[in-house]
Number of protein chains: 2
Amino acid sequence: MSTAPAPARRPRRHDPGRRERLVATALDVIADVGVTAATHRAIARAADVPLGSLTYHFSSLDELHAAAFTRHVDEVAPRFDELMRAAAGVGEALEALVGHLTGDLLGSDRDLVLAVELYVAAARRPALRAVTQDWMQRSRRSLERHFDPVTARELDALVEGLVLHSALSTDPMDAGQIRSAVHRFAR
Amino acid sequence: MSTAPAPARRPRRHDPGRRERLVATALDVIADVGVTAATHRAIARAADVPLGSLTYHFSSLDELHAAAFTRHVDEVAPRFDELMRAAAGVGEALEALVGHLTGDLLGSDRDLVLAVELYVAAARRPALRAVTQDWMQRSRRSLERHFDPVTARELDALVEGLVLHSALSTDPMDAGQIRSAVHRFAR
DNA sequence: CCCCGATGCGTACGCTCGTCCGCATGAACT
DNA sequence: AGTTCATGCGGACGAGCGTACGCATCGGGG
């Protein structure tokens, strides 16, 4: 019976790497509630830091959002490139694509939601548009390991459509159908 | 020199069909500034009606947004179906699709923006999700006039991807490339 | 050992938002 | 003509927002 009730102390002085942690938390919040609801306060609450900490580390909310999405792209794009690099030929590349779509992406809602959130946010905010374009470009580069540039771009568009379609539809396409669609580009 | 300055009178008593006009204006505002910025006040300003008029005609902002998107789908879906109905065979259907993508859609930013806005809004709001799914279903039905259901669904996804891709990319695909992509589904 | 600048903390300000409510008005029906 | 009621109007309220700012704290260089 030392101190009074004391509503949960927070002795977190000197917290190195807090900036990094804030970016990661921001990404989680965006995936949870959408980019427009990912406010300073929501992110601060999720990261268990005071509100002022956010404006200290990031000069604006926009900058924080951009940092979060950039981090996401920097994590996802290399993974995809690795997938393409590992494929031996066109056949394996297509099959890797099918696996990526049915497993990695559509399996976990998180990446799917983040992709759509980025699409929509980019439509209105120039800073995020650059991030989106960077992502598209890197995807195409990865595909060009096995496909000519024209086919790569078409495949990229198809993948984008499949992702969106699956995110919004109640009865998503099964693996067989996705395989069928992807293999149309086996030229 | 009759009356004082009088800051722009608004004598609009008894305005039948105002509800309709509000829906149309809401759609314009959404296309202009995005669904998250399409607030009661923004729409009221654009339609030149007092703020209270909106809550009188629509029980919530969500309902107004849903009404706007529903109206858009009810205008766009029949147009697309007409396009498919007019095509004589698979070849003409594919070519009509190419024309639709390069002309109607990508030509005017408006429909493109509205499509993306609906995608993103639907991801978070169940009421809008129903509208999106209705749209997808009607698109597929139209395509099934010429393609088997499996192909129709794949084509639908491709179209969605092409739309998104074109909306967000600075150097959109040209007509030839779109034609090439669409014709992969000429089975 | 001391100080000082980087970092953390809490709060306040000004703004916009969705929604609500009391009153005014005039078309339609008796 | 009189009454009623759907419709229009404008202001108000409370909540949540982004951002700014003054003070507290502490690690590391002198």
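These values consider heavy atoms only, across backbone and side chains, with no hydrogens, waters or symmetry-generated copies. Below, chains carry the letters A, B, ... as their sequence lines are ordered, and counting in each starts from 1.
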Measure the distance from [atom1] on [X] to [atom2] on [N] and round it to the nearest whole Å.
| X | N | atom1 | atom2 | value |
| --- | --- | --- | --- | --- |
| Arg19(A) | dG8(C) | CZ | C1' | 16 Å |
| Leu64(B) | dT19(C) | CG | P | 10 Å |
| Arg125(B) | dG18(C) | CZ | C1' | 13 Å |
| Glu63(B) | dG18(C) | CD | C1' | 14 Å |
| Arg21(A) | dT7(C) | CZ | C1' | 14 Å |
| Phe58(B) | dT7(D) | CZ | P | 12 Å |
| Asp62(A) | dC17(D) | CG | P | 16 Å |
| His57(B) | dG18(C) | NE2 | P | 17 Å |

Distances under 3.5 Å between nitrogen or oxygen atoms of protein and nucleotides 11-15 of chain D:
none

(request) Using salt bridge (Lys or Arg N to Asp or Glu O under 4.0 Å) as the criterion, list what pairs up with Glu20(B), not counting sequence neighbours. (result) Arg71(B)

(request) Sequence neighbours left out, what passes salt bridge (Lys or Arg N to Asp or Glu O under 4.0 Å) with Arg179(A)? Give chain and number order. (result) Glu95(A)

(request) Specify whether Phe185(A) and Phe185(B) have parallel, tilted or perpendicular ring planes, treating 30° as the upper limit for parallel and 60° as the lower limit for perpendicular. (result) perpendicular

(request) Determine which pairs satisfy salt bridge (charged side-chain N to carboxylate O under 4.0 Å, His left out) with at least one residue from residues 28-37 of chain A, sequence neighbours left out, and list them in order. (result) Asp28(A)-Arg110(A)

(request) Using only side-chain N and O atoms of His40(B), determine if any of them is under 4.0 Å from OP1 or OP2 of dT16(C). (result) no

(request) Using only side-chain N and O atoms of Arg18(B), determine if any of them is under 4.0 Å from OP1 or OP2 of dC9(D). (result) yes

(message) According to ring-ring contact (aromatic ring centres under 6.0 Å, His included), does anything in residues 119-139 of chain A pair up with another residue at least two apart or in another chain? List the pairs.
(response) His72(A)-Trp135(A)

(request) Please identify each residue that fulfils side-chain hydrogen bond (donor to acceptor under 3.5 Å, both in side chains) with His146(B), with sequence neighbours left out. (result) none

(message) Of the options dC9(C), dA6(D), dG10(D), whose atoms approach the side-chain atoms of Tyr56(B) most closely?
(response) dA6(D)

(request) Side chain of Pro50(A) only, please: which of dG10(C), dG8(D), dT19(D) is the nearest? (result) dG10(C)

(message) Using a 4.0 Å heavy-atom cut-off, does Thr39(A) contact any base of the nucleic acid, only the sugar-phosphate backbone, or nothing at all?
(response) sugar-phosphate

(request) Would you check if Val73(A) and Arg138(A) make a side-chain contact, meaning some heavy-atom pair closer than 4.5 Å? (result) yes

